[in-house]
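Notes follow the structure.
This structure is a prediction, so every number in the text was calculated from the model and none was measured. Letters go in sequence order (proteins before strands), and every chain restarts at 1.
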There are 2 protein chains.
Amino acid sequence: MTQLDEPTAPTKLGRKRDHTRDPEILDAALDVLAETGYDGMTIDMVAARAKAGKATVYRRWSSKAELVVDAVACMKRTDLDVDHLPDTGTLRGDLVAMIKPRSIEDAEKKLQIMAGLVSMISRDPGLAEAVNAAIVEPRVSVNRTFLRRAIERGEIAADCDVETLALLSPSMASYRVLIEQKPVDREFLLALIDGVILPAVGLKAP
Amino acid sequence: MTQLDEPTAPTKLGRKRDHTRDPEILDAALDVLAETGYDGMTIDMVAARAKAGKATVYRRWSSKAELVVDAVACMKRTDLDVDHLPDTGTLRGDLVAMIKPRSIEDAEKKLQIMAGLVSMISRDPGLAEAVNAAIVEPRVSVNRTFLRRAIERGEIAADCDVETLALLSPSMASYRVLIEQKPVDREFLLALIDGVILPAVGLKAP
DNA sequence: TATATGCGGTACTGTAGAGTTTCGGATCTA
DNA sequence: TAGATCCGAAACTCTACAGTACCGCATATA
C-alpha cells in the first residue's frame, strides 16, 4: 500500500520530491471507478478529474492496474470506525446504531466500486486482496464483534454460526446493489435486521 | 428473445435461411463470457469457439451487446425445472432436495457469467432484465414457493418475511462466488440452510 | 537571482478489438 | 446441372486507449 505520509527527503537541489498530488489522483480514480468500472475507466479520465497530467499519473504508478489496486488499498475507512463501535447492550441496538445516513452513503459508493471490479477480482489476486481488506472484511468483522458480544452476555445461543451470520448483511447488501440495482437504505436494513438476522439468532423485533 | 424454432421459409430460390449455427454461437458466447467477462470477451473468441466466421456472427446480431443479451436470454434453464419441484413435506427436505451435483455445477457457471456482467448490468437495462429473468428470478421463485408451502401447512409462521427470506440463498451464493471466490458446494449450502434459513423461520436442523 | 526539479498539457506511438468487406467453396432447390 | 444463397476464413478500416516523450511554466532551494 502507498504511504501518504510527509514528503520524502529533498534531492540534491531544487524542490522536494513531494508527490503532493497523490491523494487527489487516488480519489479521482475511485470516483471514476465507481462511475464506469475498471474497463470503462481511462487514465485520461482520472487525470482530468484530478486536474493532473497523464504523465504525472504514470510517474507515480507504472500501470492502470497498479493505480487501481493502490486506490482501493488506500481507500479511506470513513464509514466504519472499528475502534469506536456502538455498544448499546442489545444486538438489535448495536445493529441499528450502525445505520446512519453518512455510513449508508459511504457504503453505497464502496459497493459501486466493488461492482466495477468484480470481473477483475478473479484475474488479479492482489486486487482481490485489496478489495477484501478495504471493503469486505471490515464489515464482516463488525458483525462478528456484535454477535460475539451478544453471545457473551447470554443474549443469543453460544452455538450459533457466527461466521455465516456475520456474512449475511454484507452479502445481501452487495446483492441488492450489484444485481438488483436497488438502494441499501434504512428501510431495507431494518427489514434485514428484524426479518432475518434477529429471527435467525432466536430473537424477535420489538 | 431470439426464437430457436424451425428454419424460416425459403427465399426465392436456393438454400433455406436456416441460421442453423445460432445455438452453437450462443453457447460459445456464454462459455467465453463465463471465462473472461464482458469486456474480456471478443467476437473472434466466440466465433473461433463456435467454429464459425466472425461475419456469420454479425449477420445475425448487429453488435456485441446484442449478442450477449440474447445469449443470456436464451440460456437453457437446465438446472431448475420449475414445473417439477420436489415436495417432501418439510421445508428442510425441499431445500436439501435442490442440492444436486448437476444443479450445483450449472448454478456455478451461471454465477460466473453473472460475475462477468455485473459492471455492465448497471449500464444496460436490457441486460439487467435478461440476467434477472434467466438467472436471478427463477431461483428466488423456487424459494418463495417452498416458503409459501411451509406456511400453508403450518410448518412456519405466516407472518415471516417471505420476500427477503427467498433472496437469502441467492444473495449469499452470489457473494460467495463473486466476492469470496469460493465454491458453492454442498457443505456451504447445508450450512446456509441449517445455520441461517431454518433458524430464521423458527425451525432447527435435525 | 540562478538552477534544478515536479507538474500540467499536448502530441505521439503502438496495439487491440469492433465492425465491414470480399471471396471461394459448400449446399440446397428446381 | 444451374442458379441462388449461406458459410468460414481472412484481410481490411477505424477508433479508443495504454503508455511515452517532450515542452514550458511554476516553485522551492540556495
Side-chain angles (χ1 to χ4, degrees), chain A residues 2 4 6-29 32-33 35-71 116 119-120 123-124 127, chain B residues 6-29 32-33 35-71 116 119-120 123-124 127:
Chain A
T2 300
L4 294 180
E6 76 292 342
T8 50
T11 47
K12 296 176 185 180
L13 257 179
R15 194 184 190 182
K16 284 177 188 171
R17 178 184 297 277
D18 50 11
H19 284 311
T20 294
R21 307 302 317 281
D22 284 12
E24 284 95 325
I25 293 172
L26 292 170
D27 279 349
V32 176
L33 219 44
E35 286 165 22
T36 72
Y38 182 89
D39 294 283
M41 159 182 158
T42 71
I43 301 293
D44 287 287
M45 287 184 201
V46 175
R49 167 144 345 196
K51 296 199 208 316
K54 188 156 62 151
T56 305
V57 177
Y58 278 103
R59 256 174 230 127
R60 182 64 192 71
W61 296 274
S62 64
S63 73
K64 175 176 166 178
E66 261 190 39
L67 169 63
V68 169
V69 170
D70 215 31
S119 73
M120 212 53 194
R123 250 156 274 143
D124 183 338
L127 182 59
Chain B
E6 75 292 341
T8 50
T11 47
K12 297 175 183 177
L13 255 182
R15 193 184 191 180
K16 282 177 188 170
R17 179 183 298 278
D18 50 11
H19 284 310
T20 293
R21 306 304 316 283
D22 284 12
E24 283 95 327
I25 293 172
L26 291 170
D27 279 349
V32 176
L33 218 45
E35 288 165 21
T36 71
Y38 182 89
D39 294 283
M41 160 181 157
T42 71
I43 301 294
D44 287 287
M45 287 184 201
V46 175
R49 168 145 345 197
K51 294 197 209 315
K54 188 155 66 152
T56 306
V57 177
Y58 278 104
R59 255 172 230 127
R60 183 63 191 73
W61 295 275
S62 64
S63 73
K64 175 176 166 177
E66 263 191 37
L67 169 62
V68 168
V69 170
D70 214 30
S119 73
M120 212 53 194
R123 251 156 273 143
D124 182 338
L127 182 59

Exercise for review: Would you mind reading off the distance between B:Glu66 atom CD and C:dG19 atom C1', rounded to a whole angstrom?
Suggested key: 13 Å

Point to revise | Rounded distance in Å - CH2 (A:Trp61) to P (C:dC7) | key: 10 Å

Polar atom pairs between nucleotides 19-21 of chain D and protein, under 3.5 Å, N or O only, would you list them?
from: D:dG19; atom 1: OP2; to: A:Tyr58; atom 2: OH; distance (Å): 3.3
from: D:dG19; atom 1: OP2; to: A:Lys64; atom 2: N; distance (Å): 3.1
from: D:dG19; atom 1: N7; to: A:Lys54; atom 2: NZ; distance (Å): 3.0
from: D:dG19; atom 1: O6; to: A:Lys54; atom 2: NZ; distance (Å): 2.6

Check your understanding: For A:Ser62, which of A:Arg59, A:Lys64, A:Glu66 qualifies under side-chain contact (heavy atoms from CB on, under 4.5 Å)?
Key -> A:Glu66

Which atom pairs, one a donor and one an acceptor, fall under 3.5 Å between side chains of residues 37-46 of chain B and the rest of the protein, sequence neighbours left out?
from: B:Thr42; atom 1: OG1; to: B:Met45; atom 2: N; distance (Å): 3.1

Please list, pair by pair, any protein nitrogen or oxygen found under 3.5 Å from a nitrogen or oxygen in nucleotides 13-16 of chain D.
none

Revision key, fill the gap. Residue set satisfying side-chain hydrogen bond (donor to acceptor under 3.5 Å, both in side chains) with A:Glu24, at least two apart, ordered chain then number -> none

Practice item. Would you give the length of the straight line joining atom CG of B:Leu33 to atom CG of B:Asp27, rounded to the nearest 0.5 angstrom? Key: 12.0 Å

Practice item. Tell me, please, which residues at least two apart from A:Arg123 pass side-chain hydrogen bond (donor to acceptor under 3.5 Å, both in side chains). Key: none

Practice item. Could you list the residues that satisfy side chain to side chain contact (heavy atoms under 4.5 Å, CB included) with A:Arg49, not counting sequence neighbours? Key: A:Ala28, A:Asp31, A:Val32, A:Glu35

Exercise for review: Would you classify B:Met45 as touching base, sugar-phosphate or nothing, given that sugar-phosphate means primed atoms plus P, OP1 and OP2, and contacts are heavy atoms under 4.0 Å?
Suggested key: nothing

Practice item. Please name all residues satisfying side chain to side chain contact (heavy atoms under 4.5 Å, CB included) with A:Ala71, sequence neighbours left out, ordered by chain then number. Key: A:Leu26, A:Ala29, A:Leu30

Study note, to complete from the structure: By side chain to side chain contact (heavy atoms under 4.5 Å, CB included), A:Ala48 pairs with (sequence neighbours left out) none

Check your understanding: Stepwise, does the side chain to side chain contact (heavy atoms under 4.5 Å, CB included) test hold for B:Arg60 with B:Ile25?
Key -> CA-CA 10 Å; B:Arg60 183 63 191 73; B:Ile25 293 172; 6.0 Å; no

Study note, to complete from the structure: When rounded to whole Å, the CG to P distance for the pair A:Leu67 and D:dC17 reads 16 Å

Check your understanding: If you write DNA chain C from 5' to 3' in dot-bracket form, with Watson-Crick or G-U pairs under 3.5 Å, [ ] for crossing pairs and | for pairs with another strand, what do you get?
Key -> ||||||||||||||||||||||||||||||

Point to revise | A:Thr56 vs C:dC7: side-chain N/O to OP1/OP2 distance below 4.0 Å | key: no

Review point. What is the minimum heavy-atom distance between A:Arg21 and A:Lys51, and which atoms define it?
Key: NH1-O, 3.6 Å

Review point. Toward the 5' end of DNA chain D, which comes first, A:Asp39 or A:Arg59, by nearest nucleotide?
Key: A:Asp39

Practice item. Evaluate the side-chain proximity of B:Tyr58 to B:Leu67: yes if any heavy-atom separation is below 4.5 Å, no if none is. Key: no

